[in-house]
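What you are looking at is a predicted structure, and each value in this text was computed from that prediction instead of being measured.
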Amino acid sequence: MSKKFRTLDDVDVKSKRVLLRVDLNVPMENGRVTDATRLERVAPTIAEIADKGGKVILLAHFGRPKGRDAKDSLKPVAEALSKVIKKAVAFANDCIGEAAAKAVAAMKDGGILCLENTRFHKEEEKNDPAFVAELAKLGDIWVNDAFSAAHRAHATTEGLGHKLPAYAGRTMQAELDALGKALEAPTKPVIAIIGGAKVSTKIDLLENLVTKVDALVIGGGMANTFLHAQGVGVGKSLAEKDLAATALRILEKASTANCAIILPVDAVVAYHFAANSPSHAYGLDAIPADGMILDVGPQSIARIHAAIDDAATLVWNGPLGAFEMTPFDRGTVVAAKHAAERTKAKKLISVAGGGDTVAALNQAGVADDFSYVSTAGGAFLEWMEGKPLPGVEVLKQR
Ligand SMILES: Nc1ncnc2c1ncn2[C@@H]1O[C@H](COP(=O)(O)OP(=O)(O)OP(=O)(O)O)[C@@H](O)[C@H]1O
Ligand SMILES: O=C(O)[C@H](O)COP(=O)(O)O
């Protein structure tokens, strides 16, 4: 990778207060981290700064809280991180103000402190200058290691880079390097699989993506939104019905760009959003009005297999169903295993990304068989589109 920004090689961190932006937005269930990949990936940056005698002050968001909300506290994540990095991680219950200032003042060289969820302050997402100034008081330099949040121009992902000397962390470097190698000039045909639940924040990205890939498989909550737009009754499924016009526009654009769209032709439907709740596969003309689509059906899986077989490069973000609950993990697991087999047979270059997507690949036991697994979901898609990522751009300016 040509060197476009300063890294940890360019700064002596000894005794410095390092505001380290990481992505601790990990999948959790009942207060337990269910996939530690994002924690494992930031471990080398934390260890390097601590070992060099810097004071590591972790900044991160968790979930999408509207104000302070105990269920989105980073405390259990900080505890999980401590286990992963095998070092003590202190915790302050606010990211600004007295609690944060006191905790930072108490730090010794090489110490690690995690500040509470930055999104407990609405000013974080607004990139509010006064909030940025408050945060900046806590540090001497800012290191951005959150590639997976770099598509957000928030106070801790972008704003701080204008206020303090800014550096890229090791995960940021590694992600950009690996994605560049795998996807800057991808071997065609290229197929994208997009699923998951973040429909409103990702659907716009598909408009550009269809001009860059040869085929697009749509699954998960995203597919329900498209099916609804096409007039399919999706019952009580997760779908953003007000985005129907956007979905139709994307289908039209795909057709003009010669991008094949592979939407589900059948679906696994249940009546409760719970593991092992009774379910049945239905054709699209028969989805029960009181049911929820929780996975793609068997015929859809066969089509997805065929589409993967036709591709030389695969990019994947978002599970095809509610994979956290059996048996609704089936579509995602079976497709992931198929892509892994093709990759092992050297017939496919496979790149996947996203907090839950990585968790799903780990659950399928195939994460190590993919060509590259990024921690980033939305950021990865925007990078794919060629969009400048604010959290990366700001690093280049200084
Ligand atoms: N049909 C469905 N109904 C309800 N939830 C679904 C369905 N399909 C997928 N999901 C949910 O989508 C979630 C993951 O979506 P998301 O868009 O957050 O992906 P991601 O890989 O975590 O990407 P990012 O890193 O951008 O968040 C999972 O929790 C999964 O249960
Ligand atoms: O999980 C992610 O993709 C990142 O942490 C960004 O989260 P966000 O979509 O809530 O901004």
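A 6.0 Å sphere centred on NZ of K16 holds more than 12 heavy atoms belonging to other residues, nucleotides or ligands.
No side-chain heavy atom of L263 sits less than 4.5 Å from a side-chain heavy atom of V265. The shortest distance between side-chain heavy atoms of V13 and I141 falls below 4.5 Å. Under the 4.5 Å side-chain criterion, counting only non-hydrogen atoms from C-beta, Y167 is not in contact with V18. Residues D9 and R170 form a side-chain contact, since some pair of their non-hydrogen atoms from C-beta on lies under 4.5 Å apart. At least one side-chain heavy atom of N144 sits under 4.5 Å from a side-chain heavy atom of L395.
The existence of a salt bridge linking R249 and E252 is excluded, since no basic side-chain nitrogen approaches an acidic carboxylate oxygen closer than 4.0 Å. Checked for salt-bridge contact, D295 and R330 miss the test: no charged N lies under 4.0 Å from a carboxylate O. Of the charged side-chain nitrogens involved, at least one lies within less than 4.0 Å of a carboxylate oxygen, so that K52 and E48 count as a salt-bridged pair. Under 4.0 Å is where a charged nitrogen must lie from a carboxylate oxygen, and between K14 and D12 no such pair does.
Counting only distance, with no hydrogens or angles, the side chain of E240 and the backbone of T225 share no donor-acceptor pair below 3.5 Å. Within the 3.5 Å criterion, the main-chain N or O of E324 finds no donor-acceptor partner in the side chain of D329.
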**OP:** Determine, stepwise, if the pair K337 / E341 fulfils salt bridge (Lys or Arg N to Asp or Glu O under 4.0 Å).
**Re:** CA-CA 6 Å; K337 285 187 170 162; E341 285 310 315; over 6 Å; no
Original post:
Between D94 and R68, is a salt bridge (Lys or Arg N to Asp or Glu O under 4.0 Å) present by the stated rule, with each step listed?
Top reply: CA-CA 10 Å; D94 203 349; R68 187 172 274 272; 3.8 Å; yes
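The NZ atom of K344 sits 11.0 Å away from atom OG of S350, with the distance rounded to the nearest 0.5 Å. Atom NZ of K236 is separated from atom CG of D290 by 6.0 Å, given to the nearest 0.5 angstrom.
Tested against N127, the residues R152, H154, E158 include a single side-chain hydrogen bond (donor to acceptor under 3.5 Å, both in side chains) partner, E158.
Ring centroids of H228 and F226 are separated by 6.0 Å or more, keeping the two rings apart.
Cluster membership for L206 and V213, using ILVMFWY side-chain heavy atoms within less than 4.5 angstrom, is shared. Transitive grouping of hydrophobic side chains (ILVMFWY, heavy atoms separated by less than 4.5 Å) keeps L284 and V296 in distinct clusters.
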